[in-house]
Amino acid sequence: MEIRLENLTKVFTTKRKGQVSNVVAVNNMNIEIPSGTLVGLLGPSGCGKSTTLYMLSGLQKPTEGKIFFGEEDVTSVAPEKRGIGLVFQNYALYPHMTVLQNILFPLQNMKVEKEEALARAKEAARLVQIDELLDRKPSELSGGQQQRVAIARAIANKPKILIADEPTGNLDSKTELEVMSLLKRCVKDFNQTLVMITHNEDIAKMADRVVVMKDGNLK
Ligand code: ADP
Ligand code: MG
């Protein structure tokens, strides 16, 4: 699905000892990302990358501006209603659940019917090649395997938009490229739009488009 940001702005206001200060984390950002595009978001620490992703996912509310998914204005839509998949650097798996339970969890939250949920979870697991590991706990997996589980969990419901904050940041360079190829295949197979933060230039080379930020602005 196409993503469009219109004048997207986030200002954090902090008060310390009676002193009010404003930080412009994202400054009037305008961008259009077509469906089926893998976008790499680059830039130095503190330039507003995470804040941009938080606003896309609905975890933070913009101070100004609008976010469109396709024709729909989702600026005020709750995170769980945006139909997005999220992948984090630290995997964020539930340690007490098996791989299968982890993948099923969001589907159950969305009240997908039991057999259908199981079918989608297994299909996602097959796609990221972890179908042999469904009964294991996250602690019994390598970093690369854990990130595959997190990706399976994010794609099981076939979201049109995937958002990832340094999804390969904790992996060794070989695994990193494998996980990236996998993400890229998901994007192409399902015509998803993936916006991901990365620090790694080799990873950025695999993106269809690189967006560089500096001090809250597009560079
Ligand atoms: P990046 O992910 O590119 O490192 P962030 O989006 O996390 O950058 O942060 C952008 C700017 O906004 C930084 O100056 C940061 O200190 C500030 N910032 C981020 N979150 C908050 C917050 N919750 N309160 C105040 N300032 C914040
Ligand atoms: Mg960040």
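No hydrogens, no waters, no symmetry mates; every other heavy atom, side chains included, goes into these values. Order of listing sets the numbers, starting from 1, for every ligand and every atom in it. Predicted model only: the values in this text are computed from it and were never measured.
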Decide yes or no for L127 and R185: does some side-chain heavy atom of the first lie under 4.5 Å from some side-chain heavy atom of the second? yes
Side-chain heavy-atom pair E6, M29 within 4.5 angstrom cut-off: no
Test of proximity, T14 against ligand 1: N or O pairs below 3.5 Å: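 No, T14 has no N/O under 3.5 Å of an N/O on ligand 1.
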Has ligand 1 got any nitrogen or oxygen that is less than 3.5 angstrom from a nitrogen or oxygen of V23? no
Specify whether the nearest protein heavy atom to atom 13 (C) of ligand 1 is under 4.0 angstrom away.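 Protein heavy atoms within 4.0 Å of atom 13 (C) of ligand 1 - there is at least one.
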Any protein heavy-atom neighbour for atom 1 (P) of ligand 1 (distance below 4.0 angstrom)?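 True for atom 1 (P) of ligand 1.
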Distance only, no hydrogens: is a donor on one side chain within 3.5 Å (strictly under) of an acceptor on the other, for [X] and [Y]?
X: N170; Y: Q89; value: yes
X: N22; Y: T13; value: yes
X: T168; Y: E176; value: yes
X: T14; Y: S21; value: yes

Give the residue and atom name of whichever protein heavy atom lies nearest to atom 10 (C) of ligand 1, and the separation in Å to one decimal.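 For this ligand atom, the closest protein heavy atom is G46 O, 3.3 Å.
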For atom 5 (P) of ligand 1, which of V24, T51, D215 has the closest heavy atom?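 When every heavy atom of V24, T51, D215 is considered, T51 comes closest to atom 5 (P) of ligand 1.
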Going by chain and residue number, what protein N/O/S atoms come nearer than 2.8 Å to the Mg ion (ligand 2)?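 Metal shell, protein only: S50 OG.
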For D208 and G36, which heavy atoms make the closest approach, and how far apart are they? OD2-O, 3.8 Å
Would you call R4 and D73 a salt bridge, taking side-chain N to carboxylate O under 4.0 Å as the test?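 Salt bridge absent between R4 and D73.
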